[in-house]
There are 2 protein chains.
Amino acid sequence: MSIEVIFGKVLRNIREDKKFSQEQLAHLSELDRTYISLLERGKRRPTINTLFALCKPLGLKPSEFLGEIEKELY
Amino acid sequence: MSIEVIFGKVLRNIREDKKFSQEQLAHLSELDRTYISLLERGKRRPTINTLFALCKPLGLKPSEFLGEIEKELY
DNA sequence: CATTTTCGAAGACTATAGTCCGTAGACTAT
DNA sequence: ATAGTCTACGGACTATAGTCTTCGAAAATG
């Protein structure tokens with residue numbers, strides 16, 4: 001499975017754990033609502049800056065986020 | 001200091017540790033040589049896919065790479 | 001010294017990240 | 001039913017990631 005699809009699954013899992021809607025996360029990370037949707041469906045490849053922006057309101061380190069992706073990546 | 005500038009410093013440090021030229025790293029990661037140069041000078045914000053591509057020949061996990069950035073960021 | 005390797009930088013380009021507008025469907029509650 | 005919330009998805013954008021070519025200037029290397 002591709003990196004961006006795994007990224008989307010991880011993002012959705014974490015967001016739902018934190019009880020955020022896509023729109024709430026979009027506002028908190030200063031990104032667009034429709035873009036969060038695209039990310040979760042594996043349709044975009046975020047830059048590292050976007051990853052950092054997402055991780056801040058989710059309350060975890062970007063390195064931890066990537067760790068979750070690495071677990072799924074074989 | 002911005003994420004992309006720190007990213008560039010970390011990338012250069014790791015690349016020089018591994019005794020790679022920009023051109024060698026470019027070939028191994030299937031990226032353009034001038035783009036490696038742009039990254040190291042903090043002029044570009046790589047996607048997570050590009051980060052994974054760079055980490056493979058450098059022999060470290062993307063999460064470890066981001067860990068290095070986080071050290072400098074706080 | 002002279003030669004080679006390495007890198008910075010610019011310009012023109014293509015691909016895609018990310019925004020902004022909307023609509024429609026599923027679900028929940030009133 | 002209907003009003004509110006949430007999300008998928010579309011189209012049309014703008015901004016920027018990433019490529020390709022070239023040149024010249026540092027640094028090595030001998």
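None of these values were measured; they are calculated from a predicted model. Just so it is clear: chains get the letters A, B, ... in the order the sequence lines come, proteins before strands, and each one is counted from 1.
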State whether the number of non-hydrogen atoms from other residues, nucleotides or ligands found under 6.0 Å of Glu16(A) atom CD is greater than 12.
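It does: Glu16(A) CD has more than 12 such atoms within range.
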- Item | Residues Ser37(A) and Arg41(A): side-chain donor-acceptor under 3.5 angstrom |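 Per modelled atom types, Ser37(A) and Arg41(A) side chains form a pair under 3.5 Å.
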Q.
Strictly below 4.0 Å, N to O, side chains only: are Arg45(A) and Glu4(A) in salt-bridge contact?
A.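 Glu4(A) and Arg45(A): salt-bridged.
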With B for base contact, S for sugar-phosphate-only contact and - for none (protein heavy atoms under 4.0 Å), nucleotides 3-10 of chain D reads ----SBBB
Below 3.5 Å between N/O atoms, which protein atoms pair up with nucleotides 28-30 of chain C? Just atom names and distances, please.
none

If I take atom [atom1] in residue [X] and atom [atom2] in nucleotide [N], what distance separates them, rounded to the nearest angstrom?
X: Phe7(A); N: dA17(C); atom1: CZ; atom2: P; result: 12 Å
X: Lys19(B); N: dA28(D); atom1: NZ; atom2: C1'; result: 14 Å
X: Leu39(B); N: dT16(D); atom1: CG; atom2: C1'; result: 13 Å
X: Arg44(A); N: dT14(D); atom1: CZ; atom2: C1'; result: 13 Å
X: Glu30(A); N: dC20(C); atom1: CD; atom2: P; result: 12 Å
X: Leu54(B); N: dA17(D); atom1: CG; atom2: P; result: 14 Å
X: Leu31(A); N: dT19(C); atom1: CG; atom2: C1'; result: 10 Å
X: His27(B); N: dT19(D); atom1: NE2; atom2: P; result: 13 Å

Measure the shortest side-chain to side-chain distance between [X] and [Y] over non-hydrogen atoms and say whether it is less than 4.5 angstrom.
X: Leu38(A); Y: Asp32(A); value: no
X: Gln22(B); Y: Glu40(B); value: yes
X: Phe7(A); Y: Leu54(A); value: yes

Quiz item: Out of dC20(C), dA17(C), dA17(D), which has the shortest distance to the side chain of Asp32(A)?
Solution: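 Closest nucleotide to the Asp32(A) side chain: dC20(C).
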What distance separates Arg44(B) CZ from Thr47(A) OG1, expressed to the nearest 0.5 Å?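 The OG1 atom of Thr47(A) is 12.5 Å from CZ of Arg44(B), to the nearest 0.5 Å.
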Discussion item. Counting only Watson-Crick pairs (N1-N3 plus N6-O4 or O6-N4) and G-U wobbles (N1-O2, O6-N3), all under 3.5 Å, who is the partner of dT30(C)?
Written reply: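 WC or wobble partner is dA1(D).
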Mind listing the closest non-hydrogen atom pair of Pro62(A) and Cys55(A) along with its distance?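 For Pro62(A) and Cys55(A), the tightest heavy-atom pair comes out as CA-SG, 3.6 Å.
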- Which heavy atom in Met1(B) sits nearest to a heavy atom in Ile6(B), and how many Å separate them?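 Heavy-atom minimum between the residues: O-CD1, 3.7 Å.
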